[in-house]
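The structure displayed is predicted, hence computed values, not measured ones. Lettering of chains follows the sequences in order, A, B, ..., and the numbering in each one begins at 1.
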Amino acid sequence: MTSMPSPEVALEPPSEPRFRLTDSTLRDGSHALAHRYTAEQVAAIAGALDAAGVPVIEVSHGDGLGGSSFNYGFSAQPEIDLVRAAAAVVKRARLAVLLLPGIGLASDLEEVHEAGVSIARVATHCTEADIAIQHLRTARDLGMETVGFLMLAHMIEPDALLEQARIMEDAGAQTVYVVDSAGAMTTHDARARVAALKGGLRSETQVGIHAHNNLSLGVSNSIGALEEGVDQVDACSRGLGAGAGNCPTEILVAVTDRLGWSSGVDLMAVMDVAEDVVAPIMPREQVINRAALTLGYAGVYGSFLLHAERAAERFGVDARDILLELGRRRIVGGQEDMIVDVALELSRRT
Amino acid sequence: MSTSRIPVAIVGSGNIGTDLARKLLRSELLEPKVVVGIDPASDGLARARAWGIETSAGGVDWLLANAERLGIRIVYEATSAGIHATNAPRYAAAGIVAIDLTPAAVGPAVVPPVNLGAHLDQANVNLITCGGQATIPIVAAVARVTPVPYAEIVSTVASRSAGPGTRANIDEFTETTAAGLVSIGGAAHGKAIIILNPASPPILMRNTVYCALSAGADQAAVESSIEAMAAEVATYVPGYRAKGIVFDDGPFRTPGGEAAGRVTVLLEVTGNGDYLPPYAGNLDIMTASAVRVGEGIAARLASEVRA
């Protein structure tokens with residue numbers, strides 16, 4: 001038997017949470033399910049996360065509002081139905097959506113806001129923050145809480161990331177996230193970016209971390225970010241998300257409990273959500289297979305994994321060769337169409 | 001050179017106006033008489049002067065005061081949507097046909113190989129978007145041989161070639177382009193996606209067109225129609241090419257209903273490098289299409305003169 005956590009840590013009465021946990025199983029997890037969530041599954045997961053005390057639950061197509069498409073995969077059910085299913089069951093948790101300018105529209109926020117979503121997370125590639133100004137302002141005008149989401153943040157240096165974060169802050173973002181979409185950051189990388197934003201943004205602006213597990217660092221990078229004072233942390237139940245998956249919610253809660261940092265979430269309950277509610281609907285467990293590891297190694301957007309595996313089979317090439325080539329060309333999030341383009345080129349070479 | 005070239009003016013001396021002036025110098029039907037800006041120190045005006053084109057920093061007031069002297073029949077608007085909305089009625093009152101490269105959409109949208117012929121009599125036409133100019137011809141090429149219940153495009157442009165207007169209102173790009181896939185391309189439903197890529201050196205403009213296909217669609221006919229259309233666009237946008245045409249079996253649950261299959265067309269646009277760098281294929285296709293539209297209108301004006 002392993003020993004239990006030391007009592008003075010584990011049994012301390014719950015204090016004010018040290019960070020706010022956003023569970024993205026119903027958004028980032030959409031990638032792993034090829035966007036096949038049903039309203040029934042969404043209600044079961046959102047209800048269970050809410051009961052466990054998870055404060056924020058994100059629900060959207062993996063590529064955000066309007067992501068249902070040939071390029072990213074069509075949603076099995078309209079996402080507004082999924083949002084309504086979540087809204088119908090949550091009692092305490094607040095609902096969030098993701099929106100990528102260029103894919104979804106600012107006006108898409110109106111319908112989900114009416115359905116009960118109160119947090120708009122507006123995502124851009126880490127160098128393109130200014131295309132989010134329109135959408136962040138729309139969200140504020142609707143009275144929504146606003147989050148700016150700087151994706152593939154490993155691709156630029158911390159000071160350059162801060163400049164982009166300031167553009168989002170000036171546009172009304174109340175929080176700016178460091179998003180490791182490729183799961184390519186070492187813990188040093190994550191800490192340096194969080195520290196730059198914490199040090200350089202206004203004191204009332206919060207900072208978040210969104211970590212993936214392609215290099216097996218999802219939890220460590222989240223903990224490193226917390227040590228730098230990050231205010232919000234994303235995680236997914238059982239790690240269900242793009243690539244090798246995300247920082248797993250239940251493991252984050254367990255580790256932060258051990259560190260004596262309250263998440264406000266019931267550990268046993270989120271373990272049950274992972275095992276009893278989420279695991280049964282997963283098409284496969286989140287493992288760091290060779291393609292997923294290549295994503296992290298090459299710095300490629302995590303949601304490319306399943307598309308690259310399909311293209312590899314279709315064109316008779318190695319998924320890793322596709323991903324390495326995409327990394328070499330510095331392809332950004334949303335460019336899923338380049339996977340077939342590259343696979344076709346590679347197949348013609350052989 | 002024939003003396004019957006139609007005199008045209010360019011309003012706006014930024015990247016687009018200057019690249020357009022350079023292209024118009026090569027036209028056999030159009031003569032760039034004047035480039036009008038508002039900043040006497042602009043590089044665009046200096047370039048135009050160096051190319052032997054008259055220039056003025058006096059704005060549209062100057063142009064309208066001098067239009068008769070210069071014989072201007074067509075004006076290209078390369079400013080902004082707000083400015084064109086103000087200028088459009090003034091051009092119309094002066095009897096000058098306006099070709100609008102801004103998102104103002106005062107007049108109907110034209111995509112040369114698809115619907116230019118239907119709009120040659122308009123007093124004002126609009127060039128829609130760069131993504132629309134690149135992709136709508138392909139959708140139309142598919143739609144002319146088989147119904148397209150749903151078309152979707154992804155335009156990826158180099159960050160450095162996406163101007164402040166596009167960045168401030170990226171939704172306008174996607175909504176306008178999606179509407180054009182339907183109203184001009186002939187799809188029943190449309191969706192447009194734009195991605196900005198900051199890679200250095202900058203990437204060439206990339207477009208992907210997806211069209212949903214019904215079960216009975218003739219793939220060979222679809223493919224040859226696409227190839228013919230790509231060749232036609234390349235006659236006025238030399239750097240335009242279809243890199244690949246891929247057919248997939250569905251079913252796909254699209255907004256236009258369940259589709260048995262789809263065709264994916266991978267397009268690349270290399271700019272001509274006139275004033276703008278070659279990677280800015282998105283801007284090149286706008287100015288090249290603008291020349292094509294102007295030539296169509298010029299031919300119509302010339303035939304009126306003869307009649």
(request) Examine whether an atom of A:S69 lies under 4.5 Å from a heavy atom of chain B, and if so say whether it belongs to the side chain, the backbone or both; otherwise answer neither. (result) both
(message) I want to know whether A:F70 and B:F252 have ring centres closer than 6.0 Å.
(response) yes
(request) Between chain B and each of A:I103, A:V340, A:V332, count heavy-atom pairs under 4.5 Å; write down the option with the most. (result) A:V332
(message) Report which part of B:T208 has an atom under 4.5 Å of a heavy atom belonging to chain A: side chain, backbone, both, or neither.
(response) both
(message) Between B:L266 and chain A, with a heavy-atom cut-off of 4.5 Å, which part of the residue counts as in contact: side chain, backbone, both or neither?
(response) side chain
(message) Heavy-atom cut-off 4.5 Å, strictly under: side chain, backbone, both or neither for A:L105 against chain B?
(response) both
(request) Please look at A:S68 and chain B and tell me whether the side chain, the backbone, both or neither of the residue comes under 4.5 angstrom of a heavy atom of that chain. (result) backbone
(request) Select one option (side chain, backbone, both, neither) describing which atoms of B:A192 are under 4.5 Å from chain A's heavy atoms. (result) backbone
(message) Counting only non-hydrogen atoms closer than 4.5 Å, does B:K243 touch chain A with its backbone (N, CA, C, O), its side chain (CB onward), both, or neither?
(response) both
(request) For the residue pair B:T156 and A:M338, establish whether any side-chain heavy-atom pair is separated by less than 4.5 Å. (result) no
(message) Which atoms of B:S155 are under 4.5 Å from chain A, going by heavy atoms: the side chain, the backbone, both sets, or neither?
(response) neither
(message) Heavy-atom cut-off 4.5 Å, strictly under: side chain, backbone, both or neither for B:I195 against chain A?
(response) side chain
(request) Spell out the residues in residues 154-164 of chain A that have some non-hydrogen atom less than 4.5 Å away from a non-hydrogen atom of chain B, in order of number; otherwise answer 'none'. (result) none
(message) Less than 4.5 Å apart, side chain to side chain, heavy atoms only: is that true for B:R206 and A:D337?
(response) yes
